[in-house]
Amino acid sequence: MHCDPRFSRVREVFERHFTEGEELGAAFAVYLDGELVVDLWDGVADRHTGRRWEHDTPAFAYSCTKAITATVLLRLAERGTVAVTAPVADAWPEFAARGKGAVTLEQVLTHQCGLPVLEEPVPVEEFEDQAAIAARLAGQAPLWEPGSAHGYHALTYGFLLGEVIRRVTGTSVGELVATEIAGPLGLELWVGAPDEVIARAARLKAGERPQPLAPTEAIGSTSGDSPAADGTTAGRSPDALAEMAKAMLDPQSLMNRALGNPGMHLLKGGANHPVILRAGWPAAGVVTTARGLAGFYRSLIAGELLDPGTLRDALRTRVSGPDRVLFLDSAFGLGFMRPSLTFLMPSETAFGHSGLGGSIGLGDAERGLAVGYVMNKMANAVSGNLRGIRLVEAVYKSL
């Protein structure tokens, strides 16, 4: 492990999480101006066998994938292969059905296209057939007028963008990540993991859910203003929290339908199942080390993946305010989360994406920061997950 003395408080927070029993296994990495200044890991990768978390132990990081998929699409836009402002149907004619002919890629990237759920249950047999899942979405009508509101497209975001990318390149998001991003840059990051990576991946442990999911679990990070001493968060709307709690108890709520279909829970072990780890869903399919995730953001802010102008435009907030799926306020650029109640960050210049359970990928070009946090003890319903946020706050306090 490595921790620059300037960031000793980060190591103290990381170690305290284990001492106090908040972590099972986890890793945290930070680049500052391109230099790896924090590279920490500890704990158990598999609680059943006692296998230790090693320097190269990867973990499934859920929606951290979305920023990676957005980057793949923006790279294609830079080449002129697609236009972000163009209709999805230009690349995918079948998508125009049911009044969707004018829906743009920008509306998909910003969760405005009105397709946050798959209306029919996706059978397990289709879990690795992204084109078949996308075809289901092509046949659906939007739940709201595209562009009139935004709501978190937890899983459908990836199937929609992934199909556009497949149509214009003939290949998958995962393959492009491997050949154009992770491979050339030497990143421990896979959108669709090979067998040898699956074999050494951390096994997730679900949090107990004796109460409705806390807001911190809805998209995988904490929400609100600064965490209070009792683990609550100031600035939340009581009405929004009440609506969220009600939605989490209703299997037919928009939130549960968005988060639960395709249903990972249908497979033994859920997200630990090889089918999920191998499938490479472009909204929730990345398997990565903390170092690999931080390295992605290091390369992004260094201009190695996107032209700086492209990144600046992508980070311009397109939507903010009440989220139709999550109820709390959210904010998005082109595929990247911006600071809001659902992406609590110490800096307004931070961007990135969190993942269900608490994983975080973060960049901050103004401060030269790139951060990655992965773990295998999912947030529980009582306390949410402040672990990643505490670590990020410790990084900023160390600058």
Side-chain angles (χ1 to χ4, degrees), residues 1-18 22-45 52-65 67-68 71 177 181-182 185-191 193 197 200-202 220-221 286-302 304-305 337 345-347 350-355 357-365 367-377 385-399:
M1 294 194 289
H2 165 67
C3 186
D4 187 291
R6 293 172 292 173
F7 294 87
S8 60
R9 72 173 70 205
V10 177
R11 184 166 193 157
E12 290 170 4
V13 172
F14 185 80
E15 291 176 345
R16 186 171 71 245
H17 288 163
F18 283 92
E22 293 192 60
E23 295 281 23
L24 180 63
F28 189 70
V30 180
Y31 285 91
L32 177 63
D33 296 328
E35 177 189 358
L36 184 63
V37 292
V38 177
D39 187 16
L40 303 173
W41 65 90
D42 201 357
V44 177
R52 299 294 300 174
W53 195 295
E54 305 291 347
H55 74 283
D56 62 348
T57 297
F60 188 71
Y62 285 95
S63 287
C64 291
T65 319
I68 300 166
T71 299
V177 168
I181 297 176
L185 295 173
L187 300 179
E188 301 162 320
L189 182 151
W190 303 265
V191 178
V197 172
R200 56 188 173 84
S221 186
V286 69
V287 179
T288 181
T289 62
R291 189 169 49 247
L293 189 56
F296 167 77
Y297 284 93
R298 173 206 63 203
S299 298
L300 198 55
I301 64 177
E304 296 173 354
L305 294 175
M337 301 180 81
M345 288 295 131
S347 167
F351 69 95
H353 219 291
S354 54
S359 50
I360 298 174
L362 179 151
D364 189 332
R367 290 169 172 80
L369 277 179
V371 175
Y373 168 63
V374 297
M375 77 298 133
N376 60 355
K377 186 177 181 180
N385 182 10
L386 296 177
R387 291 165 286 165
I389 295 302
R390 291 190 197 112
L391 288 164
V392 171
E393 288 180 336
V395 170
Y396 276 90
K397 289 176 180 177
S398 300
L399 297 177

Closest approach of [X] to [Y] (non-hydrogen atoms, all atoms of both residues):
X: Phe28; Y: Ala290; answer: N-CB, 3.7 Å
X: Val371; Y: Ala294; answer: C-CB, 3.7 Å
X: Gly368; Y: Ile301; answer: C-CD1, 3.8 Å
X: Ala59; Y: Val374; answer: CB-CB, 4.0 Å
X: Ala26; Y: Met375; answer: CB-CB, 3.7 Å
X: Leu293; Y: Cys64; answer: CD2-SG, 4.1 Å

To the closest 0.5 Å, what do you measure between [atom1] ([X]) and [atom2] ([Y])?
X: Leu391; Y: His17; atom1: CG; atom2: NE2; result: 5.5 Å
X: Phe7; Y: Arg9; atom1: CZ; atom2: CZ; result: 10.0 Å
X: Ser63; Y: Ile360; atom1: OG; atom2: CD1; result: 13.0 Å
X: His55; Y: His2; atom1: NE2; atom2: NE2; result: 15.0 Å
X: Phe18; Y: Leu24; atom1: CZ; atom2: CG; result: 8.0 Å
X: Leu187; Y: Arg298; atom1: CG; atom2: CZ; result: 6.0 Å

State which residue, out of Arg390, Arg387, Lys377, fulfils the side chain to side chain donor-acceptor pair (under 3.5 Å) condition with Glu22.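 Among Arg390, Arg387, Lys377, the one meeting side chain to side chain donor-acceptor pair (under 3.5 Å) with Glu22 is Arg390.
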
Assess whether side chain to side chain contact (heavy atoms under 4.5 Å, CB included) is satisfied between Leu32 and Leu399, documenting all intermediate values. CA-CA 9 Å; Leu32 177 63; Leu399 297 177; 4.1 Å; yes

pair [X]-[Y]: side-chain heavy atoms closer than 4.5 Å:
X: Leu362; Y: Tyr373; answer: no
X: Ser398; Y: Arg6; answer: no
X: Ile68; Y: Thr288; answer: no

Between Ser354 and Ser359 (side chain of the first, backbone of the second, donor and acceptor by atom type, cut-off under 3.5 Å), is there such a pair? no

So does Val286 get a backbone contact from the side chain of Thr65, meaning a donor-acceptor N/O pair under 3.5 Å?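 Yes, the answer is positive, given that a donor and an acceptor are paired below the 3.5 Å cut-off.
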
Do Arg11 and Glu15 sit within salt-bridge range, that is, some charged N less than 4.0 Å from a carboxylate O?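 Looking at Arg11 and Glu15, the cut-off is met.
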
For Phe351 and Leu300, run side chain to side chain contact (heavy atoms under 4.5 Å, CB included): C-alpha distance rounded to whole Å, both residues' side-chain angles, the deciding distance at 0.1 Å, then the answer. CA-CA 11 Å; Phe351 69 95; Leu300 198 55; 3.8 Å; yes

Side-chain donor-acceptor pairs under 3.5 Å in residues 35-44, sequence neighbours left out?
residue : atom : partner : partner atom : Å
Asp39   : OD1  : Arg291  : NH1          : 3.1
Asp39   : OD2  : Arg291  : NH1          : 2.9
Asp42   : OD1  : Arg52   : NH2          : 3.1

Residue list, ring pair (Phe, Tyr, Trp, His ring centres under 6.0 Å) with Tyr396, at least two apart or on another chain: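 Partners of Tyr396 under the ring pair (Phe, Tyr, Trp, His ring centres under 6.0 Å) test: none.
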
Show the numbers, then the answer: is there a side chain to side chain contact (heavy atoms under 4.5 Å, CB included) between Thr71 and Val177? CA-CA 9 Å; Thr71 299; Val177 168; over 6 Å; no

Pair Leu369-Val30, side chain to side chain contact (heavy atoms under 4.5 Å, CB included): steps then yes or no: CA-CA 7 Å; Leu369 277 179; Val30 180; 3.9 Å; yes

